[in-house]
Protein chains: 2
Amino acid sequence: MSKIRKDKTTEERILSAAKKIFVMKGMAGARMQDIADEAGINKALLHYYFKNKEKLFEVIFLEAAGKLFPKINEIFLADKPLFEKIESFCDEYITIVMENPYLPLFVLNEINQDPEYFLSKVWKGKNLPLPEKFLAQIEEEVAKGRIKRISPLHLLMNLISMTVFPFVAKPMFQKNLGLDELQFRSVMEQRKKEIPRFIIDAIKK
Amino acid sequence: MSKIRKDKTTEERILSAAKKIFVMKGMAGARMQDIADEAGINKALLHYYFKNKEKLFEVIFLEAAGKLFPKINEIFLADKPLFEKIESFCDEYITIVMENPYLPLFVLNEINQDPEYFLSKVWKGKNLPLPEKFLAQIEEEVAKGRIKRISPLHLLMNLISMTVFPFVAKPMFQKNLGLDELQFRSVMEQRKKEIPRFIIDAIKK
DNA sequence: ATCTTTGTTAACCATTTGGTTAAAAATGTC
DNA sequence: GACATTTTTAACCAAATGGTTAACAAAGAT
């Protein structure tokens with residue numbers, strides 16, 4: 001069979017549509033007929049290409065998680081000075097999530113539905129979290145007197161919280177603070193610099 | 001009709017069961033039969049007492065939001081020094097959410113499904129966000145030279161992010177950092193003090 | 001005790017949902 | 001062009017879902 005593909009294959013159209021609908025509605029709320037409509041195909045094709053809803057969902061979920069989790073592991077493992085790590089994490093992570101601001105909520109919500117199941121899928125070998133090096137790095141900076149005493153665990157939580165949560169709570173912040181879409185994006189761009197500055201101000205001696 | 005109630009009325013049992021199921025599964029994933037099973041009643045009673053799924057859901061959602069949103073408005077409006085506000089917000093908010101750690105994710109997820117609809121329900125008069133006073137307070141502290149230059153908006157985002165997000169991402173943090181249930185609770189207790197300390201270290205001159 | 005009102009039950013209903021099937025259409029191979 | 005394989009279609013299916021109904025039971029009012 002020839003491997004030459006013209007424009008979007010049916011499979012690609014399904015995946016693209018499924019991503020849109022699953023990210024918006026979640027597993028429980030998404031309807032196969034809606035995915036088929038979005039892809040412009042007959043619903044039976046979803047089963048021809050992906051067997052069932054669960055299999056299709058898994059592809060989408062793993063792709064989404066594959067965008068979010070390796071990046072966190074990257075700061076764990078990188079050989080860089082601490083402050084640089086913080087700066088590049090914020091910059092890169094916000095850039096990634098800005099391309100699809102609903103990803104974090106989607107992934108976190110599904111993980112909360114069945115943590116063991118979903119996290120085992122995500123961690124199947126490839127994205128195993130390895131925080132030890134990063135946490136040890138923070139301890140070392142404290143011991144060397146370069147930063148104030150702080151628990152590595154809390155520093156990590158603070159970093160990830162400030163970077164990700166505004167996306168999760170987007171409508172709430174928009175309404176609370178009177179931000180339209182453009183303004184929200186602008187604020188998140190600012191945060192690429194604001195968060196590292198805030199953190200470094202908090203821990204620098 | 002006598003208003004004397006013995007133990008749990010049927011209505012109370014429904015509400016209690018509905019809260020459990022809706023918070024766990026969300027609107028889309030919750031099943032009326034599951035709620036009835038949880039309450040130990042016949043499913044038809046759900047409609048006798050609450051007409052339909054949407055009406056029942058709304059009661060639960062508003063109750064949940066009513067736990068989370070007024071507290072945020074409280075820091076906006078309180079006549080207290082800034083640092084005290086930050087300290088008491090973290091302390092009280094974490095205490096509230098610890099009683100039901102899944103509330104933030106539940107409320108935020110539903111709001112993201114239809115922001116206009118849900119936020120208008122929440123803001124129907126009573127919980128209208130009034131951040132101006134708080135934001136002005138931060139500006140004043142900056143102008144008086146008591147804290148470093150910082151955008152009030154970012155400070156507010158940082159405060160709420162660090163307080164709430166660990167609950168939203170609970171399974172992820174547990175897995176990443178090897179925390180069992182007790183340890184997670186202990187970490188969140190620590191954060192009552194750690195977050196204000198971190199923030200104050202970041203902004204204090 | 002009688003009647004009215006409220007609460008409960010089990011059966012039922014129409015629609016929706018994820019999935020199946022067989023036939024037709026399209027594509028690939030020689 | 002003939003045959004094989006893959007893709008697509010429309011109809012169909014069983015189960016699940018939110019909701020309805022009528023009968024009965026319990027509680028309230030007089």
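Convention: sequence-line order gives letters A, B, ...; per-chain numbering from 1. Bear in mind that the values here come from a model prediction, so they are computed numbers and not experimental data.
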Exercise for the section: Could you tell me whether the side chain of Lys53(B) has a donor or acceptor atom within less than 3.5 Å of a complementary atom in the base of dG19(D)? Expected result: no
Handout entry: From CA spacing to verdict: side chain to side chain contact (heavy atoms under 4.5 Å, CB included), Lys170(A), Glu181(A)
Key = CA-CA 10 Å; Lys170(A) 180 166 173 282; Glu181(A) 196 59 40; 3.1 Å; yes
Problem - Nearest-angstrom distance from the residue atom CD1 of Ile41(A) to P of dT7(D) - result: 13 Å
Practice task
Please tell me which of the listed nucleotides, dA10(C), dG19(C), dG18(D), lies nearest to the side chain of Met32(B)?
Solution key: dG18(D)
Problem - dT8(D) OP1/OP2 closer than 4.0 Å to side-chain N/O of Tyr49(A) - result: yes
Exercise for the section: Quick one: label Ala36(B) by what it contacts on the DNA or RNA (base, sugar-phosphate, nothing), any heavy atom closer than 4.0 Å. Expected result: nothing
Exercise for the section: Would you state whether a donor and an acceptor, one from the side chain of Lys51(B) and one from the base of dG19(D), lie under 3.5 Å apart? Expected result: no
Exercise for the section: Send over the distance from Asp34(B) CG to dA16(D) C1', rounded to a whole Å. Expected result: 11 Å
Practice task
Would you mind checking if Lys204(A) and Glu141(A) are paired as a salt bridge, meaning a charged N to carboxylate O distance below 4.0 Å?
Solution key: no
Problem - Distance test, side-chain N/O of Arg31(A) to OP1/OP2 of dT16(C), below 4.0 Å - result: no
Exercise for the section: Could you tell me how the ring of Phe61(A) sits relative to the ring of Phe106(A): parallel (under 30°), tilted (30 to 60°) or perpendicular (over 60°)? Expected result: perpendicular
Fill in the blank from the handout: note: Gln33(B), atom CD; dA10(C), atom C1'; distance rounded to Å ~ 12 Å
Fill in the blank from the handout: To the nearest angstrom, the CG-P distance between Leu46(B) and dT8(C) comes to 11 Å
Fill in the blank from the handout: Ile14(B) CD1 to dG7(C) P, in whole Å, measures 11 Å
Handout entry: Interatomic distance where CD1 belongs to Ile21(A) and P belongs to dT17(C) [whole Å]
Key = 13 Å
Practice task
Kindly say whether the aromatic ring centers of Tyr93(B) and Phe89(B) come within a distance under 6.0 Å.
Solution key: yes
Handout entry: Whole angstrom value for the distance that separates P of dG18(D) from NZ of Lys55(B)
Key = 16 Å
Problem - Proximity to the side chain of Leu45(A) - top-ranked nucleotide from dT8(D), dG19(C), dA10(D) - result: dT8(D)
Problem - Pairwise 5' ranking along DNA chain C for Lys43(B) and Thr10(B), keeping only the more 5' one - result: Thr10(B)
Completion exercise
Rounded to whole Å, the CZ-P distance (Phe50(A) to dT20(C)) equals 16 Å
Exercise for the section: Quickly, which of Thr10(B), Ile14(B), Thr9(B) forms a side-chain contact (heavy atoms from CB on, under 4.5 Å) with Glu12(B)? Name it, please. Expected result: Thr9(B)
Practice task
Output the single nucleotide from dA10(D), dG18(C), dG19(D) whose closest atom is nearest the side chain of His47(B).
Solution key: dG19(D)
Practice task
Please work out if Ala30(B) contacts a base, only the sugar-phosphate, or nothing of the nucleic acid, heavy-atom cut-off 4.0 Å.
Solution key: sugar-phosphate
Exercise for the section: Using a 4.0 Å heavy-atom cut-off across all strands, classify Tyr48(A) as base, sugar-phosphate, or nothing. Expected result: base
